[in-house]
Amino acid sequence: MIPSQFKAWSVAALLVLSPSAFAQDEDVFAQYREMFGDDNPADLVSWDGEDLWSEARGPKNATLEECDLGLGPGVVEGAYAQLPRYFADTDKVMDLETRLVHCMVELQGFDAAEITAKPFTSTGEPQTDLEKLSTYIAGASKGMPVSIDLDHPKTKLAYELGKKMFFYRSGPYDFGCSTCHRQSGKRIRLQALPNLSPGAEDADKVYTTWPGYRISQGSVRTFEWRMRDCGRQQRMPEMTFGSDIAIGLITYLAAEANDAEMDAPGLKR
Amino acid sequence: MQITLNAHRAWLLAPLAGACLIAACSSEKTPEAKTAAAAHEIPGAHSAAHIDAAFEAALQSSFHPKGQAGMDRLERNDMQRACSSAEGPSTEVAQAIMKAAQENVKFPADGNYLGDWKAGKALASIGTGLQYSDDPSIPNGGNCYACHQMEPDEIAYGTIGPSLTGYGKLRGQSEEMLKFTWTRMYNPHAYNACSHMPRFGDAGILTEQQLKDAMAFLFDPESPVNQ
Amino acid sequence: MAGKMRVRASIKNGVTEVKALMSHPMETGLRKDTDGNPIPAHHITDVEVKLNDKVVLTAYWGGSVSQNPFLSFEINGGAPGDKLSIMWKDNKGESQTEEVTLK
Amino acid sequence: MTTTRRSFLKFGGAMLGTLATAALWPLQVFAARPDDAFKSKSMTDLEKLLGGTPTDSADIDFKTPDIAENGAVVPVSIESNIPGTSEIMILVEQNPNPLSAMFLIPEGTKPAVSTRIKVAQTSNLIAVVKANGKLYSSTKETKVTLGGCGG
């Protein structure tokens with residue numbers, strides 16, 4: 001039974017709670033970020049990637065200059081802004097990182113399993129080849145509009161898988177991407193959370209600034225890493241590099257950011 | 001003994017839970033999500049059934065076990081299934097979720113709701129627990145600060161949940177309030193179907209003692225939350 | 001392997017503004033790796049900047065300068081064709097030099 | 001401002017060609033680096049090493065963020081308007097080793113530097129300036145927050 005006095009002030013408590021609970025405070029870190037100017041250590045990683053692109057390597061001792069990122073062999077400028085996309089030669093939807101692995105295997109003779117066993121660096125270690133190449137290639141789309149072509153059935157299916165995964169809640173904490181990313185103006189501690197649900201424009205600001213230099217780890221992080229690490233914090237098993245769900249999520253988020261201007265590599269917490 | 005709430009009275013607690021509803025961990029049907037999804041209809045090349053089938057297959061092929069996180073964590077219970085959509089559950093399903101949640105709450109065996117607020121303060125800012133990167137032998141954190149404001153002078157707080165500053169000072173320690181707050185932590189779906197808040201008790205994330213410590217952090221007059 | 005260094009210098013009404021980004025882990029020696037053993041100190045200790053062989057700045061750094069360090073400063077004077085060089089040395093004796101010609 | 005190498009070169013105006021070279025001239029021994037100052041653990045013995053307690057001065061323009069999203073990289077900039085400035089130092093009171101960086105400013109170089117430093121926890125940051133053999137300082141607090149989602 002609910003005692004009457006409990007009823008009265010429970011409403012009062014609500015009033016007290018409400019103001020601060022919904023304070024849309026300004027960005028606490030605007031001043032901090034603004035002091036960085038445009039001097040982003042990711043630029044050094046981007047240079048390394050540019051060198052790797054045209055360096056003869058691997059068992060076949062070949063460069064990546066014949067690699068087709070979707071705009072024709074060797075075309076780098078603008079390629080990232082249109083990825084992920086369907087590739088006829090593999091009959092699969094691929095994001096930049098899986099396409100790079102494909103080229104490193106086909107053109108240079110590297111072993112796919114070896115590359116994908118450790119696609120991401122750990123704090124304090126040098127950047128992986130994939131990270132250097134991704135930073136360079138993403139930087140070569142700076143200023144260009146994201147344009148994901150959803151007409152191809154396989155790309156559209158990847159989009160649908162990504163959207164479905166966005167709302168998928170499981171595991172001990174019942175977490176899904178939507179737990180943190182379906183509302184606007186929210187934050188975890190002081191970490192602003194972009195609203196990435198269908199139609200939410202925060203995807204414009206977010207998707208276009210990956211890959212980005214993570215200050216906290218002193219290294220550039222790519223979007224495949226971003227998907228894997230979110231999965232980790234959702235208490236899920238580890239997401240496989242280049243898997244259908246990873247590429248689906250990336251296709252979904254990229255499509256939600258269609259027409260936004262690429263501005264990578266970014267500078268992140 | 002658990003709170004028997006008839007439907008008529010349930011909305012009385014709703015204002016309190018409502019703070020959560022309105023603030024952030026509202027259930028699915030926020031107007032914003034509904035219109036956004038509709039406005040974003042891309043001409044479907046695939047039927048829902050086709051997508052579902054492709055999704056189940058993708059799920060199994062896209063993850064691999066690591067550390068304490070096995071593939072079982074991809075399976076869903078009824079609540080998770082009902083809460084895994086943009087639109088959210090129907091009213092009856094939401095009521096069923098709340099009822100099931102209320103019925104399974106385990107209150108403290110010794111009837112004592114309050115532990116050590118200092119231990120509660122510690123677990124409020126520990127965000128690890130049950131991730132494959134975590135050591136299973138170390139107790140899980142509560143990570144309350146991820147989503148809630150608590151001590152007035154701690155600036156690193158989240159805003160997904162309502163502010164809990166002054167919780168005990170405002171509410172006192174009546175039996176009903178202790179029960180309500182314990183239930184809120186044990187299984188938030190008891191008052192808010194599809195809440196974003198983890199089921200700290202029901203999912204075995206925190207032990208009974210940890211829940212008591214967190215309650216003390218909220219209720220104990222000595223606790224900095226109430227200064 | 002001493003990484004790259006990126007130096008940008010621009011002359012604006014008689015003052016040369018210099019911005020440098022250096023690639024270096026800057027380990028303090030206090031950090032531990034994932035299995036708990038300390039990572040040895042490895043950080044830049046000395047930086048020397050010259051304009052046509054005249055020292056225009058000397059810096060001494062500890063391990064608490066951030067990883068991939070950034071440095072910016074201004075020199076009165078400097079004309080197109082002048083040579084600006086930046087050299088750093090770390091506690092392992094590694095060194096990196098970058099020389100740029102002012103435009 | 002695209003910064004890939006090629007466009008970096010194309011960038012017109014005051015930009016410049018980059019010439020990565022091996023050490024062009026023999027490694028000079030720098031005027032002594034005060035190694036012990038960098039190892040000192042407390043402000044008090046640091047002040048002994050640096051030659052006295054600095055007097056607070058409003059003529060030092062010391063910019064630091066009030067709240068740092070991440071203590072690993074905190075941008076700081078110091079400009080001394082005190083005539084005869086020959087040295088600028090950055091100290092972080094709560095760091096295990098408070099002395100972070102020291103800059104020797106010869107004639108003809110503006111006494112102004114910007115860099116990025118590590119701040120272990122919320123702390124006072126102190127810019128110390130040596131001018132005509134006297135020490136001056138400016139102090140500002142930077143809050144370092146619990147970054148990220150706590151995971």
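Side-chain atoms are counted along with the backbone in the values below, which use heavy atoms only and exclude waters and symmetry mates. Residue numbering restarts at 1 for every chain, and letters A, B, ... go by the order of the sequence lines.
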Query raised in the report: Are a donor atom and an acceptor atom from the side chains of A:Ser170 and B:Arg73 found within less than 3.5 Å of each other?
Result: no
**Report entry** Working for side-chain contact (heavy atoms from CB on, under 4.5 Å), residues A:Thr240 and B:Ser61
**Finding:** CA-CA 8 Å; A:Thr240 303; B:Ser61 68; over 6 Å; no
Query raised in the report: B:Phe63 versus A:Glu238: any side-chain heavy-atom pair under 4.5 Å?
Result: no
Report task. Kindly say whether B:His46 contributes a backbone atom to a donor-acceptor pair with the side chain of A:Glu160 at under 3.5 angstrom? Result -> no
Query raised in the report: Atom CG in B:Asn77, atom CZ in A:Arg169: separation rounded to 0.5 Å?
Result: 10.0 Å
Report summary line: If one checks every heavy atom of A:Phe166 against chain B at 4.5 Å, the contacting part turns out to be neither
Query raised in the report: Out of curiosity, B:Cys147 SG to A:Lys186 NZ, how far, rounded to the nearest 0.5 Å?
Result: 10.5 Å
Report task. Could you tell me the separation between the OH atom of A:Tyr168 and the CG atom of B:Leu59, rounded to the nearest 0.5 Å? Result -> 4.5 Å
**Report entry** Residues, nucleotides or ligands: over 12 heavy atoms within 6.0 Å of B:Glu56 CD
**Finding:** yes
Query raised in the report: Is it true that a side-chain atom of B:Arg199 and a backbone atom of A:Asp174 form a donor plus acceptor pair closer than 3.5 Å?
Result: no
Report summary line: If one checks every heavy atom of B:Glu75 against chain A at 4.5 Å, the contacting part turns out to be backbone
Query raised in the report: How far apart are the closest heavy atoms of B:Leu130 and A:Arg235, and which atoms are they?
Result: O-CG, 3.4 Å
**Report entry** Validation row: B:Tyr157, A:Leu190 side chains within 4.5 angstrom (heavy atoms)
**Finding:** no
**Report entry** chain A contacts, top residue of B:Lys66, B:Met79, B:Arg76 (heavy-atom pairs, under 4.5 Å)
**Finding:** B:Arg76
**Report entry** Under 4.5 Å from a heavy atom of chain B, the part of A:Thr179 involved
**Finding:** both
Query raised in the report: Can you tell if the side chain of A:Gln183 reaches within under 4.5 Å of the side chain of B:His196, non-hydrogen atoms only?
Result: yes
Report task. Evaluate the side-chain proximity of A:Phe167 to B:Cys83: yes if any heavy-atom separation is below 4.5 Å, no if none is. Result -> no
**Report entry** Modelled atom types, side-chain donor and acceptor of B:Asn143 and A:Arg189, under 3.5 Å
**Finding:** yes
Query raised in the report: Would A:Asp244 and B:Phe55 count as a side-chain contact (heavy atoms from CB on, under 4.5 Å) if you check the C-alpha gap in whole Å, the side-chain angles of each, and the deciding distance to 0.1 Å?
Result: CA-CA 9 Å; A:Asp244 290 347; B:Phe55 182 81; over 6 Å; no
Query raised in the report: Using non-hydrogen atoms only, which part of B:Ile205 is less than 4.5 Å away from chain A: side chain, backbone, both, or neither?
Result: side chain
Query - Proximity breakdown for A:Leu193 and chain B, heavy-atom pairs closer than 4.5 Å - result: side chain
Requested in this report: Flag the one option from B:Ala69, B:Ser62, B:Pro198, B:Gly158 with the top tally of heavy-atom pairs under 4.5 Å to chain A.
Outcome: B:Ser62
Query raised in the report: Please walk me through it: do B:Asp52 and A:Lys164 pass salt bridge (charged side-chain N to carboxylate O under 4.0 Å, His left out)?
Result: CA-CA 9 Å; B:Asp52 288 349; A:Lys164 195 172 175 59; 3.0 Å; yes
**Report entry** Which atom of B:His64 lies closest to which atom of A:Pro237, heavy atoms considered
**Finding:** O-CB, 3.4 Å
Query - Closest non-hydrogen atom pair between A:Ile245 and B:Ala58, with its separation - result: CG1-O, 3.8 Å
Query raised in the report: Would A:Arg187 and B:Ile160 satisfy side-chain contact (heavy atoms from CB on, under 4.5 Å), going step by step from the backbone distance to the final call?
Result: CA-CA 6 Å; A:Arg187 61 174 204 232; B:Ile160 290 183; over 6 Å; no
Report task. Measure the acute angle between the ring planes of A:Tyr173 and B:Phe200, then classify it against the limits of 30° and 60° as parallel, tilted or perpendicular. Result -> perpendicular
